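In what follows, a structure is listed as C-alpha cells, so that the remarks can point back to it.
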There are 2 protein chains.
Amino acid sequence: MPSRRHGIAEDLRNQIATCRIKAGERLPSEAQLAARYMVSTPTLRSALAVLEREGFIEKIHGKGNFVRHPLRKITYVGGRGTLDTRTAAEAPLRVTVRTAKIRARGHLTALLKVPTSSPLTEFLCLSHEGESPLSLARIYVPRDLMPATEPVLGESPACEMAVARFAVLRPPSAEVRETVSVRLPTPDEASALRISSALAVLAITRVTADSTGRVVEAALLVFPGDRADAVFTTHHVIDESGTQG
Amino acid sequence: MPSRRHGIAEDLRNQIATCRIKAGERLPSEAQLAARYMVSTPTLRSALAVLEREGFIEKIHGKGNFVRHPLRKITYVGGRGTLDTRTAAEAPLRVTVRTAKIRARGHLTALLKVPTSSPLTEFLCLSHEGESPLSLARIYVPRDLMPATEPVLGESPACEMAVARFAVLRPPSAEVRETVSVRLPTPDEASALRISSALAVLAITRVTADSTGRVVEAALLVFPGDRADAVFTTHHVIDESGTQG
DNA sequence: GAGTGGTCTAGACCACGAG
DNA sequence: TCGTGGTCTAGACCACTCA
C-alpha cells in the first residue's frame, strides 16, 4: 500500500520521464498541486522532497519547483594526471576558474605532505553545461611548482587547460591515488552546484605524486551524485602474485 | 538564523559525537524529545530525518530511533581482481553467501557480453560487522568458468574466499573496469543494508576480463555511502604521451 | 503587493513491535 | 494491550522573487 506522497511522487516522476512536463519547466505551484491531488500542502511537499532527493526537480524559493535537465551523466575517467570530465562530448561545457594564493592548513597539509602555511596555489573550477553546474573542483599545487613566469591566469581559460599545461612540466612517472566517497554536500557545494543539500555528491580526492614521492597536486572534485559516474580501468599486465591484502 | 529542526539536529549530533548518547542506544521517544525541545512532533521528526540522511541514526518502526554504530569506514581497494573490502582490519567481518544458478537477462547480458539466457552462477554476498551490514555484493560468473567439480558451496564460507579461489584459475593478465556511482538504494538494498532509503549508497560495478577480452566476472557492489570509501591507485610507469581524451 | 516556497503547529489516525 | 514510529491534516506565519 503506497503512501500518498509516494503515489504523487511516482505520478510526477512519470510525467517528467514522459516529458509531459519538460525539462526546465516550472511545476504548478504547491498549492495547485495539493489541490489537484487532494492532499494537504505538507503532504505534497514531502512528495516533492522525494523527487528532489532523486534529482528530478530543483526547488527555488519564491520562484517555484523546476524540472531539472535530463540526467546527462558525465563520466570521470580515473587514473589520468589531468582533469577529464566529459564523455558526453557534445556538451557545451563552460568552465570558470578562480585562482588564489593561499597557505596550507588543516587537511591540505596532510594531503600535500607539506608543512603548515607553506605556499600553495588554489584553482577553484566550476563547470557548467548550459545552466546546470556539473562539477566543482578545488585544485592545490605547491607554489614552487607553479611556473612563476607564466602570468597567473585570471578568469577566462579553461581550468583543464591550465592544469594540463602544468602536467607536461612534471616528471612523467607519477602515482595517482584517487579516493572516492559519497557524502552530502556542504552548504557551499550545494549552492555552487545548485543541488539540494539532501542530494548526495560523488567526491573524489585525487593526489598526484611524482617519481620521488613528492605530491605535486591535490584535487578535491565534487559532482552531483545523480549526474556523474567515475570509471577506473586497471590492466593487470604483470601478475602481482600474492599481493593480496 | 538556523531553523528549529537544524538546531535540534545539531544538538543531537553533538550528543552522539561526544558519546553522551552511545552507539547502539535508543533515543528517547519522539514524543519525549518533542516535549524536551518544545516543538511539535512533525518538527522533531524532520530533525531526526536529517540525522538519518547523515547516517547518524537508524529508525525502527515500533521500536525507536537508534544511534548507529560509529562510522567505521571501510575502504574498497580498486584494481584488484578480488573483492577486498576491509582495511579497518580489526573488524570481525562475517559474510554470508547465497549461491544460485541463473540465466543471463537484461543488463547482465551487456555487462558479461553473453547472449540472453546463457547460464550464470550468482553469488549473493552480504557482509556484517557485528550487527551492522557493511556491504552487499552480487557477483556473476559464466557457468562454464565455474569449477564444476567443486561442490557449489552452500552458505558457510566467505564469499571472498570463494571468489578468490576462482581468481587463481583465471588467466593472469586481465583488465578490471570499475564504475563508481552514487544513487539511492533500491528498497531491497535498503533493507538488506539496514539503511534509510534516503541514505545514498556507493555502487561499484566491476567487470573483469581475461587477456582475450572475455568477461570472466561481473560484480555489483553496494556500500552504505557513509561507511565506505573506494581507493584507486594508478602508477604511471610509462609516459602515455598524448593519450589525453 | 501578489505569488511563491519554507517552517511550524496541534492534533488525528494507522502500523508495527513486544509483552 | 501499550508504546513506538509513520502518515496526514488544515491551517498559520515567515521569507524570497518579481513586477
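Everything numeric in this text was worked out from a predicted model, so none of it was measured. Each chain gets a letter, A, B and so on, in the order its sequence line appears, and its residues count up from 1.
In this structure, the salt bridge (Lys or Arg N to Asp or Glu O under 4.0 Å) partners of B:R13, at least two apart in sequence or on a different chain, are B:E54. Residues satisfying the side chain to side chain donor-acceptor pair (under 3.5 Å) criterion with A:H6, sequence neighbours excluded, are A:S3. A:R103 pairs by the salt bridge (Lys or Arg N to Asp or Glu O under 4.0 Å) definition with nothing, not counting sequence neighbours. Every salt bridge (Lys or Arg N to Asp or Glu O under 4.0 Å) that A:R45 has, sequence neighbours left out, goes to A:E30.
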Show the atom names and distances, to 0.1 Å, of all donor-acceptor pairs under 3.5 Å that link a side chain in residues 194-205 of chain A to residues at least two apart or in another chain.
from   : atom 1 : to     : atom 2 : distance (Å)
A:R194 : NE     : A:E58  : OE2    : 2.7
A:R194 : NH2    : A:E58  : OE2    : 3.3
A:S196 : OG     : A:A198 : N      : 2.8

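Here D:dT4 presents its C1' atom at 17 Å from CD of B:E25, a figure rounded to the nearest Å.
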| note | In 5'-to-3' order, the base (B), backbone-only (S) or no-contact (-) status of each nucleotide in nucleotides 5-11 of chain D, using a 4.0 angstrom heavy-atom cut-off, is BSBBBBB
